[in-house]
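In what follows, every heavy atom counts, from backbone to side chain, and hydrogens, waters and symmetry copies are set aside.
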There are 2 protein chains.
Amino acid sequence: MAAKEVSACLIVIGNEILSGRTKDANLAFLAVNLNEIGVRLREARVIPDIEDTIVDTVNECRAKFDYVITTGGIGPTHDDITADAMAKAFGVKIGIHKEAYDRLLRHYGDPALFTPARQRMARIPDTASLVDNPVSVAPGFQIGNVFVLAGVPMIVEAMFHSFKHRLVGGTPVLSRTVRTSLPEGTIAEPLAALQSRYSDLEIGSYPAFRQGKISTGLVLRGTDAIRLDQGARELVGILAGMGGEPDLLEA
Amino acid sequence: MAAKEVSACLIVIGNEILSGRTKDANLAFLAVNLNEIGVRLREARVIPDIEDTIVDTVNECRAKFDYVITTGGIGPTHDDITADAMAKAFGVKIGIHKEAYDRLLRHYGDPALFTPARQRMARIPDTASLVDNPVSVAPGFQIGNVFVLAGVPMIVEAMFHSFKHRLVGGTPVLSRTVRTSLPEGTIAEPLAALQSRYSDLEIGSYPAFRQGKISTGLVLRGTDAIRLDQGARELVGILAGMGGEPDLLEA
């Protein structure tokens, strides 16, 4: 079976991430959950709330990757400009989406609470389809191969599960991790030799400092479980022979 | 005094971030510390350990921003390809840098420990200058307006402090934060009106869910402290009048 890669790019829209005030918590969730359905996160960009930047970045990325996911900027305040930017990127109009409007009206109940600002959250670009928001109702949307989500992690997670069936994935990437007490510099040469014997796998080496001790995490990635297990066992053998106390994990 | 913006872009190089295995911890540190010296982080990209991607991304970003900082991929293992990619991006040769080599040799002491893999860490592109690594010796480097750092946060922080005097900053962005118990949808309209009266400030609105309660963080950013204080006090007045229990923070 030939592995087919389906790629995705995440665009994090938000001054609050770029200022260092808020730490992004969506990249890791999306990376892991996309991979489970055979979609590989190949790039992520963090960009400011500037319309031209959003338009240019979306247009570049939607041409380059199979799927694009954006987070942030779809709330009720003046700095929520993502929906308008998407309409501009796709060259379509934007207006009140009846289904989105009805959902929000039902949610707020009292029309007095359904302020003009909240009504803005029903503005969806033409040709887009809604992405359900089981947490706080205000929907995201899909336009072309771009999925536009909220920024709050709890909502991102719920939205992801509500649209993931629309994604057509390829072959998921599997991994094995081998931890060793040896530092990178000691194992680099046998590791490079292993990598050249297993060119179908991607072997990454990550130094770690825990409780004042250096160790190394070696991650083997690939789409063929048999090859992965073979490579991982071989690596464990090499490290054991060097006194590296290897520890194999199934992920 | 006219505010002058000096921009930076961060390029995070690493499959381990894109796979969701490791969470980036450098963006927030760099954003805050760059801003203190008047350099504004305007974009961040997370890219895989693929040479062509690194080359293209660096060349795009170094033309677009005043400074570029990269993290990751300068260790001793086969997957550490950043230095070679930088040489390719700048069209220069790469070879053993004598000063880097001497530092590493002194550090490892015993020439037997200074393995060929570790000697790779002394390979620096021609025309680059070293960036000191007070933690683990193996240096980063500066080439043109690009600063190439390690990926481990402790080393990134130490390297940043060792090269930050080389950056020529503009006007730092200051901020004030006002927290309110009111949800975004309730305050969106007066907030938009305030933003239009203070077009020299950038007002961001960030919903938060804490202990099951919704609240909103409003962040005013700008380069003029007097205008910021004025805008923040006005916002506090508006929110107090709406029963929003505003709380003003000096950052």
Side-chain angles (χ1 to χ4, degrees), chain A residues 10 12 14-25 27-32 35 40-49 53 75-80 108 113 115-118 120-121 151-152 154 173 175 184-189 191-192 195-196 202-207 209 219 221, chain B residues 10 12 14-25 27-32 35 40-49 53 75-80 108 113 115-118 120-121 151-152 154 173 175 184-189 191-192 195-196 202-207 209 219 221:
Chain A
L10 169 64
V12 176
N15 292 337
E16 75 280 20
I17 310 283
L18 279 177
S19 73
R21 177 175 292 271
T22 304
K23 289 205 170 88
D24 166 74
L27 191 158
F29 167 83
L30 289 169
V32 170
N35 186 56
R40 191 160 189 188
L41 187 65
R42 274 302 194 179
E43 186 163 329
R45 298 193 185 189
V46 187
I47 60 171
D49 304 320
T53 306
T77 52
H78 66 276
D79 58 332
D80 289 307
Y108 287 106
L113 283 176
T115 57
R118 288 183 170 131
R120 274 190 78 214
M121 294 192 288
V152 176
M154 191 170 50
V173 174
S175 64
E184 283 194 301
T186 306
I187 58 174
E189 279 142 87
L191 194 67
Q195 173 72 82
S196 62
E202 191 185 281
I203 308 179
S205 173
Y206 309 111
F209 300 91
V219 181
R221 292 188 191 86
Chain B
L10 168 64
V12 176
N15 293 337
E16 73 280 20
I17 309 284
L18 279 178
S19 73
R21 178 175 291 272
T22 304
K23 289 205 171 86
D24 166 75
L27 191 159
F29 167 83
L30 289 169
V32 170
N35 186 55
R40 191 160 188 188
L41 187 65
R42 274 301 194 180
E43 186 163 329
R45 299 194 185 189
V46 187
I47 59 171
D49 304 322
T53 307
T77 53
H78 66 277
D79 57 333
D80 289 306
Y108 287 107
L113 283 175
T115 57
R118 287 184 171 130
R120 275 190 77 215
M121 296 192 287
V152 176
M154 191 171 50
V173 175
S175 65
E184 283 195 301
T186 306
I187 59 173
E189 280 142 85
L191 194 67
Q195 173 71 82
S196 61
E202 190 184 281
I203 308 180
S205 173
Y206 309 111
F209 301 92
V219 181
R221 290 189 192 87

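Listed options A/Ile187, A/Leu10, A/Thr186 were ranked by heavy-atom pairs under 4.5 angstrom with chain B; first place goes to A/Thr186. Interface summary for chain A: among B/Ala28, B/Ala44, B/Ser19, the most heavy-atom pairs under 4.5 angstrom belong to B/Ala44. Interface remark: of the candidates A/Asp80, A/Val32, A/Val46, A/Thr115, A/Val46 forms the most heavy-atom pairs closer than 4.5 Å to chain B. Your options are A/Gly204, A/Ala31, A/Ser205, and the one with the most heavy-atom pairs under 4.5 Å with chain B is A/Ser205. Between chain A and the residues B/Ser196, B/Gly14, B/Gly20, the most heavy-atom pairs under 4.5 angstrom are made by B/Gly20. With chain A as partner, the option from B/Gly151, B/Gly75, B/Pro48 having the largest number of non-hydrogen pairs under 4.5 angstrom is B/Pro48.
Closest approach of B/Gly185 and A/Ala117 over heavy atoms only: O-CB, 4.0 Å. Across all their heavy atoms, B/Gln195 and A/His78 have their closest contact at OE1-NE2, 3.3 Å. Scanning all heavy atoms of the two residues, the minimum distance from B/Leu27 to A/Ile17 falls at CD2-O, 3.3 Å. In terms of heavy atoms, B/Ile203 sits closest to A/Asp79 at O-CB, 3.9 Å. Nearest heavy-atom pair across B/Ala188 and A/Pro76 is CB-O, 3.5 Å.
Neither the backbone nor the side chain of A/Arg120 has a heavy atom closer than 4.5 Å to any heavy atom of chain B. When heavy atoms are compared at a cutoff of 4.5 Å, A/Leu18 approaches chain B by way of both its backbone and its side chain. Only the side chain of A/Ser175 comes within contact range of chain B, with heavy atoms under 4.5 Å apart. Looking at B/Val152, the atoms closer than 4.5 Å to chain A (heavy atoms on both sides) all sit in the side chain, from C-beta outward.
Put simply, CD on B/Glu43 and OG1 on A/Thr53 are 7.5 Å apart, with the number rounded to the nearest 0.5 Å. The structure places CG of A/Asn15 at 6.5 Å from CZ of B/Arg40, a figure rounded to the nearest 0.5 Å.
Side-chain atoms of B/Met121 and A/Glu184, non-hydrogen and from C-beta on, never get closer than 4.5 Å to each other. The shortest distance between side-chain heavy atoms of B/Val219 and A/Arg21 falls below 4.5 Å.
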